[in-house]
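Let me begin by presenting the structure, written as structure tokens, before commenting on it.
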Amino acid sequence: MVLRASGSTLGRCMCIITGASKGFGRALAHLVLNYLKTGSVLLLVARSRPLLQQLKEELLQNLKDMQEITIFCTVADLSTKEGVEDTVAMARQQSLKEIDHVLLINNAASLGDISPFENFTELERVNSYLAFNVSSVLALTAGMLQAFPPRAGLQWSVVNCSSMFAVQALPSWVLYCTAKAARDMMFRVLAVENPNVKVLSYAPGPMDTQMQEDIRRLTGIQYHLHPCRDSAAKLMRLLLDNDFVTACHVDFFDL
Amino acid sequence: MATLGRALCIITGASKGFGRAVAKEMARLVEPGSAFVLVARSGDELRTLQTELAESGLEARCVVLDLSLNDSPERIVRTAKEVFSPDIKHVILVNNAASLGDVSRFCKSFTSMAEVDSYLSFNVSSALCLTAGVLQAFPKQSGLRRCVINVSSLCALKPFASWVLYCSGKAARDMMFKVLAEEEPDLRVLNYAPGPLDTDMQMVARTRTGESTLRKAFSGMFDEGQLLTCEASCAKMMKLLLEDKYKSGDHIDFYDV
């Protein structure tokens, strides 16, 4: 029998968040903290040691009385095999802890070049983009599944930070759309293979992040932006209620 | 009889299976003065095909290479430019070459980034870069029809257990070509899913698929004679191209036609 976290906590959770140093990942880290029971472990992954360190300090200060959470930072470039392996190794060190929920949030991503299709003639550039945005997500998720094999008494949740552009084609955004579409499908296969792993492709909507700033600078388009924490809150509610259909694609604007 | 006109046809994975059938069928539907660029890793089979096309009076060049190598797109485009002539009024690129990946295994075994990278390089990146190169080499111009075909699959739309690489790659490709269709309204872009074909790829599917129910379903299709011949599927694809009424960027399955 798989224990389900009650609607108000994530249980004693091993929570891994990639791209945790800024934007949506950082907002999630702050929010998730409120719902982790004592004994939980939070693993934050990003490339920037100083930003991760600062985040960790903020989180430690925000812990409630009696809330004992272990927070680790892994400085890793997930576009490399070493980065993925280091992250899995770090998580593995916690695999003997008594936890009842693994929550993996695949948030780290990049925009890629926003450019007309016919400019993408160089294999290396495209491969490099897909390595970070697609391959690393599969390799990391696989590594975590091996480190914490799903079993009775261990709830498993995986979030794929998706996008409206996983579903809707957007001119000049071929790299981003292609990678997001690949990820959505990848997680649908994961869900079919693992009925005891709940999979959610969550499209967070346009938020006040560096990525949106880059979009504005590169395309001149200014979307109406929502604060990261508002989108994070919607995701959190989905995870806590835990009644979403596995592998569905849910958009911020659907909720 | 409707024809594809005087055309330059570039076909990847042309040595066998669906790609070979496409080459032969297109050869019957193009007008004299057309040219073919046949791409695959296996030179012998390409040269046999080249000879057959020559017997119909068609020029065909063989480009023998591994599509996932960095200079491959460029080499193919260079050959295409060599056989092109101003009389050619139709450029058709068929992105057919593909691989299944290791279908004996499940998501949680794909811990090797190198394996996933290598798969995506061949099945996703190379199609993007080759298509981009061809579009640059043969830019939009009055009097020149341009058509890009992605050989897709039901797997682009539906997840199948133990098929994570193939499903992800096909989903990626469908989206890639949808973006292209949105960007270039004058370009004809077709995501064609050929149905379950009687090919070497199907043989791997029915003998190696890790998920046993799925494997049995594939071998059941083979045993019951439910697999399609490449020719039958190709005929439907040609019908779509000749009628030229499909909406650019759409995913069309053999069974939809």
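All chains are named by letter (A, B, ...) in the order of the sequence lines, taking the proteins before the strands, and each is independently numbered beginning at 1.
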Gap between atom CD of A:E193 and atom SG of B:C107 - 0.5 Å precision: 4.0 Å
Contact class of A:L145 relative to chain B, heavy atoms under 4.5 angstrom: side chain
Most chain A-contacting option - heavy-atom pairs closer than 4.5 Å, from B:K178, B:M175, B:K170, B:E74: B:M175
Segment of A:V197 engaging chain B (4.5 angstrom heavy-atom cut-off): neither
Between OG1 on residue A:T178 and CE on residue B:M176, distance to nearest 0.5 Å: 4.5 Å
Contacting moiety of B:S68, where chain A heavy atoms sit under 4.5 Å: backbone
CA sep, side-chain torsions, deciding dist, call: A:L170, B:E182, side chain to side chain contact (heavy atoms under 4.5 Å, CB included): CA-CA 7 Å; A:L170 188 59; B:E182 288 288 315; over 6 Å; no
Contacting moiety of B:A156, where chain A heavy atoms sit under 4.5 Å: backbone
Pick from B:G210, B:A172, B:G169 with the largest number of heavy-atom pairs that fall under 4.5 Å of chain A: B:A172
Proximal component of B:F160, with respect to chain A [non-hydrogen, under 4.5 Å]: backbone
Side chain / backbone / both / neither for A:L175 at chain B, heavy atoms under 4.5 Å: side chain
Side chain / backbone / both / neither for B:E184 at chain A, heavy atoms under 4.5 Å: side chain
Part of B:L187 within contact of chain A (heavy atom distance under 4.5 Å): neither
Check: B:E183 side chain, A:S172 main-chain N or O, donor-acceptor pair, under 3.5 Å: yes
Heavy-atom pairs under 4.5 Å with chain A, option from B:V116, B:T111, B:V124 with the top count: B:T111
Where A:Q146 and B:K108 come nearest, the two heavy atoms and their spacing: NE2-O, 2.7 Å
Portion of B:L69 that has a non-hydrogen atom of chain A nearer than 4.5 angstrom: backbone
Gap separating the CD atom of B:E115 from the NZ atom of A:K81, nearest 0.5 angstrom: 12.5 Å
Rounded distance [0.5 Å steps], OG in B:S125 versus CG in A:L123: 6.0 Å
Test log, rule side chain to side chain contact (heavy atoms under 4.5 Å, CB included), inputs A:L130 and B:D117: CA-CA 7 Å; A:L130 294 179; B:D117 285 345; over 6 Å; no
4.5 Å side-chain heavy-atom contact, B:L128 and A:F117: yes
Atom group of A:Y129 that falls short of 4.5 Å from chain B, counting heavy atoms: neither
Residue pair A:M185 / B:A171: nearest heavy atoms and the distance that separates them: CB-CB, 3.6 Å
Atom pair OG/CZ of B:S168 and A:R188 - distance to nearest 0.5 Å: 10.5 Å
Heavy atoms from other residues, nucleotides or ligands near CD of B:E82 exceed 12 (cutoff 6.0 Å): yes
Nearest-0.5 Å distance, CG of residue A:N127 to OG of residue B:S126: 9.0 Å
Atom NZ of B:K89: over 12 foreign heavy atoms under 6.0 Å: yes
pair B:C129-A:E122: side-chain heavy atoms closer than 4.5 Å: no
CZ/B:R215: more than 12 non-hydrogen atoms of other groups inside 6.0 Å: yes
Structural part of A:V84 lying under 4.5 Å from a heavy atom of chain B: side chain
Chain B contact via A:S128 - which portion, at a heavy-atom distance below 4.5 Å: neither
Audit row: B:M113, A:S136, side chain to side chain contact (heavy atoms under 4.5 Å, CB included) steps and yes/no: CA-CA 6 Å; B:M113 265 188 69; A:S136 79; 3.9 Å; yes
NZ/B:K216: more than 12 non-hydrogen atoms of other groups inside 6.0 Å: no
Portion of A:N119 that has a non-hydrogen atom of chain B nearer than 4.5 angstrom: both
Heavy-atom contact with chain B under 4.5 Å, split by part of A:L138: both
Atom group of A:A166 that falls short of 4.5 Å from chain B, counting heavy atoms: backbone
Segment of A:Q168 engaging chain B (4.5 angstrom heavy-atom cut-off): backbone
Residue B:R61 excluded, over 12 heavy atoms near CZ under 6.0 Å: yes
Contact winner vs chain B - A:A247, A:A191, A:A181, heavy-atom pairs under 4.5 Å: A:A181
Proximity breakdown for A:T141 and chain B, heavy-atom pairs closer than 4.5 Å: neither
B:L120/A:S135 under side chain to side chain contact (heavy atoms under 4.5 Å, CB included): CA gap, chis, key distance, verdict: CA-CA 8 Å; B:L120 294 176; A:S135 309; 3.5 Å; yes
A:P149, part contacting chain B, at a heavy-atom distance under 4.5 Å: neither
Selection from B:S112, B:S162, B:A114, B:G133 maximising heavy-atom pairs under 4.5 Å formed with chain A: B:S162
